[in-house]
Amino acid sequence: MKYCSLLLACCSLLFVNSNALSAEPRLVIHGGAGTIAKSDLTPKLEQAYLDQLKQALHVGYGVLENGGTSLDAVSAAVVVLEDSPLFNAGKGSSFSHEGRNELDASIMDGRDLSAGAVAGVRLVKNPIKLARTVMENSVHVMMAGSGAEAFARENALEMVEPDYFYTERRWQMLQRAKYPKEQTRIQPVAPLWEERKMGTVGAVAIDSEGNLAAATSTGGMTNKRYQRIGDSPIIGAGTYADNASCAVSATGHGEYFIRANVAHDICARLMYKKIPLQQAADEVIQQKLVSMGAKGGIIAIDNSGEVVMNFNTTGMYRGKIGPDGLEVAVYGEKAVISGE
Ligand code: ASP
């Protein structure tokens with residue numbers, strides 16, 4: 001009997017290991033969801049977005065191909081997007097009502113549900129690195145403002161002056177958000193409302209050992225006030241990863257995403273209802289959020305490597321890479337643009 005159970009234990013170990021070794025690495029990223037019409041982007045700007053998405057995918061996937069963890073891959077991909085002035089995260093962050101850049105980020109490791117998050121930081125070049133440091137080098141999950149910055153200094157993270165985050169494009173968005181009447185005289189304000197919550201970045205990945213991870217980083221909503229914090233640094237709302245179900249990074253109107261607990265809800269539906277990832281994402285993004293009047297989207301990957309990019313807006317900057325190739329896209333489902 002004793003030998004029988006030993007044999008069984010060995011067999012199950014072998015089974016787990018062979019499963020783990022056969023996992024195909026995949027990485028999925030987003031650069032924000034919103035009303036993105038072809039007419040909003042010049043061909044040059046559209047190409048710049050696609051190139052930047054491809055670069056982030058290559059960098060993150062390079063990590064996975066070299067045997068790196070999904071945690072390393074999502075961090076690396078998000079750093080590329082944070083360093084780009086195109087996205088509302090890191091370098092290209094939006095401005096608050098007071099004309100400041102207040103950055104939020106979070107990261108989660110699906111292996112053991114460890115997580116780290118930072119909110120309202122103004123002097124840290126890469127908030128996603130700080131979120132990871134909070135996860136790995138502290139007993140806390142979330143830090144904010146000057147406290148988080150002190151922790152960043154103690155951990156030798158790269159600090160910058162506030163004007164590092166200045167981009168003319170985001171500054172003009174703030175002016176248009178603050179003075180909409182003046183804007184109406186120049187051009188229609190229609191895209192403005194959407195601009196306020198577009199451009200957050202995120203990544204989810206599965207590595208060759210079948211481990212999941214998720215990361216999200218944002219400058220938050222343009223013209224935000226009172227040190228408002230959105231869903232992006234909230235574990236369960238903007239970011240979630242659990243090897244038992246899936247990894248999710250969200251982008252959208254944070255006030256709704258927090259209340260709908262979007263990222264965790266999708267993973268929970270997988271676990272409790274035993275439904276496919278696509279259905280779980282549809283239920284949350286296309287039904288629950290729509291019924292609340294909320295706009296946005298998610299990228300997700302489950303523990304079998306199934307990938308979903310789901311949004312209820314007209315577009316979401318997004319891309320995925322795996323053994324079957326690379327794909328990047330901006331507009332709705334039908335306007336997929338692929339590349340190498
Ligand atoms: N979710 C972000 C926030 O509410 C914004 C975005 O995703 O564009 O701060």
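Just the heavy atoms: all of them, side chains too, but no hydrogens, waters or symmetry mates, feed the values below. Each ligand, and each atom within it, is numbered from 1 in the order the structure gives.
A donor-acceptor distance shorter than 3.5 angstrom exists from the side chain of D302 to the backbone of S304, with no hydrogens or angles considered. Judged by distance alone, with hydrogens and angles left aside, the side-chain atoms of D104 form no donor-acceptor pair with the main-chain N or O of P233 at under 3.5 Å.
Using a 4.0 Å cutoff on heavy atoms, G32 does not count as a contact of ligand 1. Within the structure, ligand 1 has R228 among the residues with a heavy atom less than 4.0 angstrom away.
In the vicinity of S232, heavy-atom distances shorter than 4.0 Å reach the ligand 1 atoms 1 (N), 2 (C). Set against the non-hydrogen atoms of G252, the atoms of ligand 1 under 4.0 Å away are 1 (N), 2 (C), 3 (C), 4 (O), 5 (C), 6 (C), 7 (O).
Distances between N or O atoms of T251 and those of ligand 1 include at least one value under 3.5 Å. When only interatomic distances are considered, the shortest N/O to N/O separation between A250 and ligand 1 does not fall below 3.5 Å. Below 3.5 Å of separation, one finds an N or O of G254 facing an N or O of ligand 1. Looking at ligand 1, you'll find an N or O of T200 within less than 3.5 Å of one of its N or O atoms. Taking any N or O of D231, backbone or side chain, at least one lies under 3.5 Å from an N or O belonging to ligand 1.
Checking each of K288, Q278, R269 against E283 for a side chain to side chain contact (heavy atoms under 4.5 Å, CB included) leaves exactly one that passes, namely R269. Each of N137, D72, V74, V118 was compared with R132 under the side chain to side chain contact (heavy atoms under 4.5 Å, CB included) criterion, and only D72 meets it.
Ring orientation note: the planes of Y317 and Y49 are close to parallel, at an angle under 30° on the 30°/60° scale.
The six-membered or imidazole ring of H253 lies near that of Y256, with a centre-to-centre distance under 6.0 Å.
The side-chain tip of K91 points at the ring of Y164 from less than 6.0 angstrom away and within 45° of straight on.
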